[in-house]
Asker: 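Okay, handing you the structure first.
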Amino acid sequence: MGIEGAGATPAAQAALPGMPEPLWGGSPSKLLAFLDCPRRYRMTYLDRPSPEKRRPRAHTSLGIAVHNALRDYWDLPAPDPVAGGRLVEKAWIDVGFRDGEQSRRWRSRMRDAVTAYLEAHPPQARPVGIERTASFVSGDLRIQGRIDRLDDRGGELVVVDYKTSRVPSTDDDARTSMPMALYAAAVWKMFRRPVRRVELHHVPSGTVAAHEHTPESLARHVERARSIMRDARRADADHARHGAASDLFPAVTGPLCSWCDLRAHCPEGRAAAPEKSDWAALGDD
């Protein structure tokens, strides 16, 4: 699922007495960045100039290529699974792989995976949205991002997200995914039609994980997002006063530090875990 982030409201634009508090805008990935590691959040969204990130890893290049192929599939004059698979070759990004041979091997694998996925799950009709921007406002929170695919199945709207990770998604992943719930809530408001079903399509395995939300479960996810936002807003204001010296952005260290694109700027992260190779997430080669 593509994400469109939005910057935090500068502290200098503080509300005048009697005025409502300004909106705090962002994407689900921005909220999760603050939840997972405030230090990474600060370097990504607040520090200026932004610290330089490392080059993309192989699994990132692979994921972007697959997402772009599935996006462009609907622009083909006569969409069919084989042609969809060939789009992977056209969209391939040769960055992060150990060498050219490994890149070619994975390009072939993902071409075949996209072909098999499209054969196993042929859409019944053109989606309502392809990388559709969705947004909504709840109180002083504004969420915005892009949905990989939005289907209309017999009058019911379904939010679809493509996955290319090593491990297939589970129904529990679909149930607990805050981004998917927020997108369902956004589409519900935008189209004024109930949106309950969310699906995680794992392209390499062709499996689909799904969950049927209720209005109550979506409301719980929205409230969780608002809770994270309140903490992030307080930290944003402290950063406006103290910059990188603010103590509200601790590094949350652990195994994920091996994969962080900003670890070069984080001594705690480098000490917590060794850096993985660019192609480590591909798994068994």
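These values consider heavy atoms only, across backbone and side chains, with no hydrogens, waters or symmetry-generated copies.
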Asker: Look at the side-chain heavy atoms of Ile, Leu, Val, Met, Phe, Trp and Tyr, link any pair under 4.5 Å apart, and say whether L87 and W106 land in one connected group.
Answerer: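 Yes, L87 and W106 fall within the same hydrophobic cluster.
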Asker: Could you give me the CA-CA distance, side-chain angles and deciding distance for D238 and D247, then say whether side chain to side chain contact (heavy atoms under 4.5 Å, CB included) is met?
Answerer: CA-CA 8 Å; D238 197 67; D247 60 3; 4.3 Å; yes
Asker: Show your working on side chain to side chain contact (heavy atoms under 4.5 Å, CB included) between R132 and M190 and close with a plain yes or no.
Answerer: CA-CA 11 Å; R132 170 68 185 258; M190 291 171 60; 3.5 Å; yes
Asker: Using 0.5 Å steps for rounding, measure from the CZ atom of F34 to the OG atom of S29.
Answerer: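 F34 CZ to S29 OG: 14.5 Å, rounded to 0.5 Å.
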Asker: Could you tell me the separation between the CZ atom of R220 and the NE2 atom of H213, rounded to the nearest 0.5 Å?
Answerer: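 Answer for the CZ-NE2 pair, R220 versus H213, is 9.5 Å.
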Asker: For A273 versus S258, what's the shortest heavy-atom pair and its separation?
Answerer: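 Looks like CB-OG, 3.1 Å.
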Asker: If we ignore hydrogens and angles and just use 3.5 Å, is the side chain of H67 paired with the main-chain N or O of Y162 as donor and acceptor?
Answerer: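 Checking the backbone N and O of Y162 against the side chain of H67, a donor-acceptor pair under 3.5 Å is found.
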Asker: When you compare the side chain of K90 with that of D72, does any pair of heavy atoms fall below 4.5 Å?
Answerer: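 A side-chain contact is absent here, since even the closest heavy-atom pair is not under 4.5 Å.
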Asker: Any non-hydrogen side-chain atom of W24 less than 4.5 Å from a side-chain atom of D236?
Answerer: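 W24 reaches D236 side chain to side chain.
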Asker: With a 3.5 Å cut-off and no angle check, do the side chains of T170 and D173 form a donor-acceptor pair?
Answerer: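 Judged by distance alone, the side chains do pair up.
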Asker: Would a 4.5 Å heavy-atom cut-off, applied to side chains only, mark V128 and L150 as touching?
Answerer: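 Yes, at least one pair of side-chain atoms sits under 4.5 Å.
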Asker: Less than 4.5 Å apart, side chain to side chain, heavy atoms only: is that true for M180 and H211?
Answerer: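 No, every pair of side-chain atoms sits at 4.5 Å or beyond.
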Asker: When you measure from the side chain of R57 to the backbone N and O of K276, does any donor-acceptor pair fall under 3.5 Å?
Answerer: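 Checking the backbone N and O of K276 against the side chain of R57, a donor-acceptor pair under 3.5 Å is found.
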Asker: Could you go through E101 and R105, starting from their C-alpha distance and side-chain angles, then the distance that decides it, and tell me whether this counts as salt bridge (charged side-chain N to carboxylate O under 4.0 Å, His left out)?
Answerer: CA-CA 6 Å; E101 176 57 31; R105 190 159 56 247; 3.4 Å; yes
Asker: Quick one: does any side-chain atom of S61 pair with a main-chain N or O of V95 as donor and acceptor, under 3.5 Å?
Answerer: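 Here the side-chain-to-backbone pair exists.
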Asker: For the residue pair R197 and E156, establish whether any side-chain heavy-atom pair is separated by less than 4.5 Å.
Answerer: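 Heavy-atom side-chain distance check fails, nothing below 4.5 Å.
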Asker: Answer whether the closest heavy-atom distance between the side chains of L248 and P38 falls below 4.5 Å.
Answerer: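 Not touching, per the 4.5 Å side-chain cut-off.
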Asker: Does any donor atom in the side chain of R111 or S108 lie under 3.5 Å from an acceptor atom in the other side chain?
Answerer: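 Yes, because at least one side-chain N or O of R111 sits under 3.5 Å from a partner of the opposite role on S108.
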Asker: Are L182 and V222 close enough, and set up right, to give a side chain to side chain contact (heavy atoms under 4.5 Å, CB included), and what steps lead you there?
Answerer: CA-CA 6 Å; L182 294 179; V222 171; 4.0 Å; yes
Asker: Under 4.0 Å between a Lys/Arg side-chain N and an Asp/Glu carboxylate O for R230 and E223?
Answerer: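 Yes, charged N to carboxylate O under 4.0 Å.
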Asker: Do I93 and M110 belong together in a cluster built from hydrophobic side chains that touch within less than 4.5 Å?
Answerer: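 No, because I93 and M110 fall into different hydrophobic clusters, even though each may have its own neighbours under 4.5 Å.
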Asker: Would a distance-only check, ignoring hydrogens and angles, find a side-chain to backbone donor-acceptor pair under 3.5 Å from R263 to C257?
Answerer: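 The answer is yes, because a donor-acceptor pair under 3.5 Å joins these two groups.
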Asker: Mark yes or no for whether H121, through its side chain, and V203, through its backbone, hold a donor-acceptor pair below 3.5 Å.
Answerer: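 Checked: no pair found.
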Asker: Give, for atom CG of L35 and atom OG of S227, the distance between the pair rounded to the nearest 0.5 Å.
Answerer: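 Nearest 0.5 Å value for the CG-OG distance: 9.0 Å.
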Asker: Compare every heavy atom of W279 with every heavy atom of F97, then report the nearest pair and how far apart it is.
Answerer: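 Closest approach of F97 to W279: C-CE3, 3.9 Å.
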Asker: Are L70 and V114 close enough, and set up right, to give a side chain to side chain contact (heavy atoms under 4.5 Å, CB included), and what steps lead you there?
Answerer: CA-CA 8 Å; L70 291 171; V114 167; 4.0 Å; yes
Asker: Look at the side chain of R270 and the backbone N and O of A264, then say whether any donor-acceptor pair between them is shorter than 3.5 Å.
Answerer: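 Side chain of R270 to backbone of A264: a pair is present.
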Asker: When you measure from the side chain of T44 to the backbone N and O of R40, does any donor-acceptor pair fall under 3.5 Å?
Answerer: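 Yes, because the side chain of T44 sits within donor-acceptor range (under 3.5 Å) of the backbone of R40.
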Asker: Taking the six-membered ring for Trp, are Y41 and F249 parallel (under 30°), tilted (30 to 60°) or perpendicular (over 60°)?
Answerer: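 Aromatic pair Y41/F249 classed parallel.
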Asker: Treating Ile, Leu, Val, Met, Phe, Trp and Tyr as nodes and any side-chain heavy-atom pair under 4.5 angstrom as an edge, say whether L76 and W74 lie in one connected cluster.
Answerer: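 Per the 4.5 Å side-chain linkage, L76 and W74 are co-clustered.
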Asker: One thing to verify: whether R54 and D278 come together as a salt bridge, which I'm taking to mean a side-chain N less than 4.0 angstrom from a carboxylate O.
Answerer: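 Looking at R54 together with D278, the answer is yes, because their closest N to O distance falls below 4.0 Å.
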Asker: Show the nearest heavy-atom pair for residues M43 and H265, with the distance to one decimal.
Answerer: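 Closest approach of M43 to H265, heavy atoms only: SD-CB, 3.7 Å.
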Asker: Please tell me if the side chains of R233 and M229 come closer than 4.5 Å, counting only heavy atoms from C-beta onward.
Answerer: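 Side chain of R233 against side chain of M229, heavy atoms only: contact under 4.5 Å found.
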Asker: Any side-chain heavy atom of H202 sitting closer than 4.5 Å to one from S165?
Answerer: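 H202 vs S165: side chains touch.
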Asker: Is there a path of hydrophobic side-chain contacts, each under 4.5 Å between heavy atoms of I, L, V, M, F, W or Y residues, that connects L32 with W259?
Answerer: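 No, no single cluster joins them.
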Asker: Any chance the side chains of R48 and S50 put a donor and an acceptor closer than 3.5 Å?
Answerer: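 Their side chains do contain a donor-acceptor pair, which is all the 3.5 Å distance test asks for.
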Asker: OH of Y45 to OG of S27: how many Å apart, nearest 0.5 Å?
Answerer: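 So the OH of Y45 and the OG of S27 are separated by 4.5 Å.
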Asker: How long is the straight-line distance from CG of L23 back to CZ of R142, given to the nearest 0.5 Å?
Answerer: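 These two atoms lie 6.5 Å from each other.
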Asker: For V195 versus L218, what's the shortest heavy-atom pair and its separation?
Answerer: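 Here V195 and L218 meet closest at O-CD1, 3.6 Å.
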Asker: Sequence neighbours left out, what pairs pass side chain to side chain donor-acceptor pair (under 3.5 Å) with at least one residue falling in residues 184-195?
Answerer: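 Listed once each, the pairs are D152-R193.
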Asker: Is there a continuous path of hydrophobic side-chain contacts, each under 4.5 Å between heavy atoms, that joins L200 to I64?
Answerer: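 As far as the 4.5 Å side-chain criterion goes, I64 and L200 are not connected within one cluster.
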Asker: On a heavy-atom basis, which atom in A251 and which in C37 lie closest, and how many Å separate them?
Answerer: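 Distance-wise, the nearest heavy atoms are CA-SG, 4.0 Å.
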Asker: Rounded to the nearest 0.5 Å, how far does CE of M178 lie from CD1 of I143?
Answerer: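 CE of M178 is found 7.0 Å from CD1 of I143.
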Asker: For the pair S138 (side chain) and L141 (backbone), establish whether a donor and an acceptor sit closer than 3.5 Å, ignoring hydrogens and angles.
Answerer: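 Between the backbone of L141 and the side chain of S138 there is no qualifying donor-acceptor contact (under 3.5 Å).
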Asker: Kindly say whether G269 contributes a backbone atom to a donor-acceptor pair with the side chain of T253 at under 3.5 angstrom?
Answerer: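 Side chain of T253 to backbone of G269, a donor-acceptor pair under 3.5 Å: no, none is there.
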Asker: How far apart are the closest heavy atoms of A184 and V198, and which atoms are they?
Answerer: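 Smallest interatomic distance, heavy atoms only, reads CB-CG1, 4.1 Å.
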Asker: Would you call R226 and D140 a salt bridge, using N to O less than 4.0 angstrom?
Answerer: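 Between D140 and R226 there is a salt bridge, with a charged N closer than 4.0 Å to a carboxylate O.
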